Trainee: 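Could you have a look at this structure, given as structure tokens, before my questions?
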Amino acid sequence: MILVTGGAGFIGSNFVLDWLAASDEPLLNLDKLTYAGNPANLASLAGDARHIFVRGDIGDAALVARLLAEHRPRAIVNFAAESHVDRSIHGAEDFMATNVTGTFRLLEAVRAYWRSLPEGERAAFRFLHVSTDEVYGSLAPDAPAFTEQHRYEPNSPYSASKAASDHLVRAWLHTHGLPVVTTNCSNNYGPYHFPEKLIPLMIVNALAGEPLPVYGDGQQVRDWLYVQDHCAALRRVLAAGRVGETYNIGGHNERTNLQIVHAICEALDALRPRADGQSYRVQITHVTDRPGHDRRYAIDAGKMERELGWRPQETFETGLRKTIAWYLAHPDWVAGVQSGAYRDWVAKQYGQREAETAQ
Ligand code: NAD
Ligand code: TYD
């Protein structure tokens, strides 16, 4: 089996669903269920014995050691993190606790387990660390896209904490020999995306008649990757990625934030027109810019293509269409997230206890 951390979050839950759709290999899902972890993302796995869910912290060394000894995973995919830049600006404590200290403790627990494995299993073991292109900092408008050689220049508390975790992972290979692989991907989008991030926030606010808040001039560029393309890339890296290597994963879809918001408005104008017949664009408002806002990210995913034969399957147009269709088809999921109903459910289901359930 494999151990996935953070598998109730946006990318993690897509990965868990994809994994169990593509193979019968069981999966242990360790997730703290912070505000970003939503068990409803995994509701379709109810009763599926291949999925074992444990509520817990990657920084809980005793828990992780026990889970590793009991379940004996052959690989770990580490998604668990605090992931939202704006939250890291308001307060970075949780980012340091999970992304830095949590990753350190996880690495230590995994190292002890890995050393105890018989030789063949030790050689085949993998620790796949999921990171971000934001560790590379901000690109000038005409600069070439980030390659794996690009210097680390993190600018936000979030990206600094992820950069720190990447360095720890690297050090655990070089010093301790732990067989790690790191991926740095661009902005993901798709189903189960928490509506604090740009694309789901704009879809949800548009439908609710709320303002569409564009930070600053809206000319910042991100390179959008459909989440299922990312999951396929991670499966490839786990299967064939070389130990100690870094792989950049991107969507070949650079867009300004304003282009994104306009595309969402146009799609919704066609699929779910406003009652007054006006375009959703009338809801766009420009608000104060994010402090330290990175201007441009772009990924050169050439190594993924050359070495592992991976390319994204979705264009931005097809991916955005699927994403908007998913949000239109899942108003209950959106309502649950917005009302905090899932937080109440988490409190009722788990209380303060750590819980282990087949979902
Ligand atoms: P998310 O915020 O949606 O989910 C994070 C998950 O981790 C949640 O389920 C949360 O409960 C869990 N978690 C948080 N702290 C934990 C802890 N201490 N122990 C166990 N679980 C914990 O994040 P996401 O968007 O799914 O991102 C997943 C990973 O991918 C992160 O490492 C993030 O840095 C990276 N990443 C994300 C993007 C993106 O566009 N979303 C882009 C590049 C990289
Ligand atoms: P976000 O989804 O938070 O991802 P990241 O900051 O990790 O790239 O934001 C994507 C871009 O959208 C970023 O340039 C900030 C901008 N943005 C807005 O303009 N308005 C918003 O309400 C949000 C959440 C983001």
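Since the structure is predicted, the reported quantities are computational estimates derived from the model, not experimental observations. Order of listing sets the numbers, starting from 1, for every ligand and every atom in it.
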Trainee: Identify, for atom 16 (C) of ligand 1, the protein heavy atom at the shortest distance, and state residue, atom and that distance.
Mentor: K32 CB, 3.7 Å

Trainee: Quick check on the hydrophobic clustering: are V334 and L42 connected, directly or via other members, by side-chain heavy-atom contacts under 4.5 Å?
Mentor: yes

Trainee: Examine the proximity of ligand 1 to S131 and report which part, side chain or backbone, both or neither, has a heavy atom under 4.0 Å away.
Mentor: backbone

Trainee: Nearest heavy atom to atom 7 (O) of ligand 1 wins, so pick from G59, P39, G6.
Mentor: G6

Trainee: Give one line per pair: atom of ligand 2, protein atom, distance. Only N/O to N/O under 3.5 Å.
Mentor:
from	atom 1	to	atom 2	distance (Å)
ligand 2	2 (O)	L198	N	2.9
ligand 2	3 (O)	R290	NH2	3.1
ligand 2	4 (O)	N187	ND2	3.3
ligand 2	6 (O)	R290	NH1	2.5
ligand 2	6 (O)	R290	NH2	3.2
ligand 2	7 (O)	E134	OE2	2.5
ligand 2	8 (O)	N187	ND2	2.9
ligand 2	8 (O)	R222	NE	2.7
ligand 2	12 (O)	N257	ND2	3.3
ligand 2	14 (O)	R222	NH2	3.1
ligand 2	14 (O)	N257	ND2	2.9
ligand 2	14 (O)	H293	NE2	2.7
ligand 2	19 (O)	Y215	N	2.9
ligand 2	20 (N)	P213	O	2.7
ligand 2	22 (O)	P213	O	3.3

Trainee: Could you find the nearest protein heavy atom to atom 43 (C) of ligand 1 and give me its residue, atom name and distance?
Mentor: C185 SG, 3.1 Å

Trainee: Does T34, backbone or side chain, put an N or O under 3.5 Å from an N or O of ligand 1?
Mentor: yes

Trainee: Any N or O on S83 sitting closer than 3.5 Å to an N or O of ligand 1?
Mentor: yes

Trainee: Are there over 12 heavy-atom neighbours, none belonging to R50, within less than 6.0 Å of that residue's CZ?
Mentor: yes

Trainee: At less than 4.0 angstrom from any non-hydrogen atom of D57, what atoms of ligand 1 do you find?
Mentor: 17 (C), 18 (N), 19 (N)

Trainee: Looking at W326, Y327, F10, which one forms a ring-ring contact (aromatic ring centres under 6.0 Å, His included) with Y192?
Mentor: W326

Trainee: Is it true that Q220 and N257 share a donor-acceptor pair across their side chains at a distance under 3.5 Å?
Mentor: yes

Trainee: N188 and W224: side-chain donor and acceptor closer than 3.5 Å?
Mentor: no

Trainee: May I ask you to check whether N184 and D133 show a side-chain donor-acceptor distance below 3.5 Å?
Mentor: no

Trainee: Tell me which part of N38 gets within contact of ligand 1: side chain, backbone, both or neither, using heavy atoms under 4.0 Å.
Mentor: neither

Trainee: In this structure, is the centre-to-centre distance between the rings of F146 and H150 below 6.0 Å?
Mentor: yes

Trainee: What atoms in ligand 1 come closer than 4.0 Å to a heavy atom of L33?
Mentor: 11 (O)

Trainee: Name the closest protein heavy atom to atom 8 (C) of ligand 1, giving the residue it belongs to and the distance to 0.1 Å.
Mentor: D31 OD2, 3.6 Å

Trainee: Give the atom numbers and elements of ligand 1 that come within less than 4.0 Å of a heavy atom of V130.
Mentor: 30 (O), 32 (O)

Trainee: May I ask whether V227 and Y247 are part of the same hydrophobic cluster, defined by side-chain heavy atoms of I, L, V, M, F, W, Y residues being less than 4.5 angstrom apart, directly or through others?
Mentor: yes

Trainee: Quick check: does N188 get an N/O under 3.5 Å from an N/O on ligand 1?
Mentor: yes

Trainee: Under 3.5 Å, is there a donor-acceptor pair linking the side chains of K197 and S83?
Mentor: yes

Trainee: Nearest to atom 28 (C) of ligand 1, what protein heavy atom do you find, and at what distance?
Mentor: F79 O, 3.5 Å

Trainee: Hydrogens and angles aside, do Y152 and D166 bring a side-chain donor and acceptor to less than 3.5 Å of each other?
Mentor: yes

Trainee: Cut-off 3.5 Å, side chains only: do D300 and T147 have a donor facing an acceptor?
Mentor: no

Trainee: With atoms numbered from 1 as shown, which atoms in ligand 1 lie under 4.0 angstrom from a non-hydrogen atom of A80?
Mentor: 7 (O), 20 (C), 21 (N), 22 (C)

Trainee: Taking I299 as the starting point, is it possible to reach V181 by hopping between hydrophobic residues whose side chains are less than 4.5 Å apart?
Mentor: no

Trainee: So, regarding I11 and ligand 1 (criterion: nitrogen or oxygen to nitrogen or oxygen, under 3.5 Å), is there a contact or not?
Mentor: yes

Trainee: Relative to each other, are the rings of F79 and F15 parallel, tilted or perpendicular (30° and 60° limits)?
Mentor: tilted

Trainee: Would you mind telling me if ligand 1 is within reach of the side chain of K162, the backbone, both or neither, using heavy atoms under 4.0 Å?
Mentor: side chain

Trainee: Test side chain to side chain donor-acceptor pair (under 3.5 Å) on Y136 and E153; report intermediate values, then the result.
Mentor: CA-CA 5 Å; Y136 299 126; E153 291 180 324; over 6 Å; no

Trainee: Are I199 and Y215 linked, directly or through intermediate hydrophobic residues, by side-chain heavy-atom contacts shorter than 4.5 Å (ILVMFWY only)?
Mentor: no

Trainee: At under 4.0 Å between heavy atoms, is it the side chain or the backbone of S13 that contacts ligand 1, or both, or neither?
Mentor: neither

Trainee: Within ligand 1, which atoms have a heavy atom of G56 less than 4.0 Å away?
Mentor: 19 (N), 20 (C)

Trainee: Give yes if a backbone or side-chain nitrogen or oxygen of F10 is under 3.5 Å from a nitrogen or oxygen of ligand 1, and no if not.
Mentor: yes

Trainee: Quick one: which ligand 1 atoms are inside 4.0 Å of a heavy atom on G37?
Mentor: 8 (C), 9 (O), 11 (O)

Trainee: I need the atoms of ligand 1 closer than 4.0 Å to a non-hydrogen atom of N187, numbered in the order shown.
Mentor: 40 (O)

Trainee: Tell me, please: is S186 in heavy-atom contact with ligand 1, that is, under 4.0 Å?
Mentor: yes

Trainee: Under 3.5 Å, is there a donor on one side chain and an acceptor on the other for H252 and D223?
Mentor: no

Trainee: Would you say G9 has any N or O atom under 3.5 Å from an N or O of ligand 1, going by distance alone?
Mentor: yes

Trainee: At under 4.0 Å between heavy atoms, is it the side chain or the backbone of Y158 that contacts ligand 1, or both, or neither?
Mentor: side chain

Trainee: Examine the side chains of S165 and N99 and answer whether a donor and an acceptor come within less than 3.5 Å of each other.
Mentor: no

Trainee: Can you tell me which residue and heavy atom of the protein come closest to atom 19 (N) of ligand 1, and the distance to 0.1 Å?
Mentor: I58 N, 3.0 Å

Trainee: Mind checking whether I324 and I284 sit in one hydrophobic cluster, side chains of I, L, V, M, F, W, Y counted as touching below 4.5 Å?
Mentor: yes

Trainee: Determine, using heavy atoms of G102 and all atoms of ligand 1, whether some pair is separated by less than 4.0 Å.
Mentor: no

Trainee: Nearest to atom 5 (C) of ligand 1, what protein heavy atom do you find, and at what distance?
Mentor: A81 O, 3.4 Å

Trainee: Do other residues, nucleotides or ligands put more than 12 heavy atoms under 6.0 Å from the CZ atom of R115?
Mentor: no

Trainee: Can a side-chain donor-acceptor contact be found between Q219 and D217 if the only test is distance below 3.5 angstrom?
Mentor: no

Trainee: Based purely on interatomic distance, does T132 place a nitrogen or oxygen under 3.5 Å from a nitrogen or oxygen of ligand 1?
Mentor: no

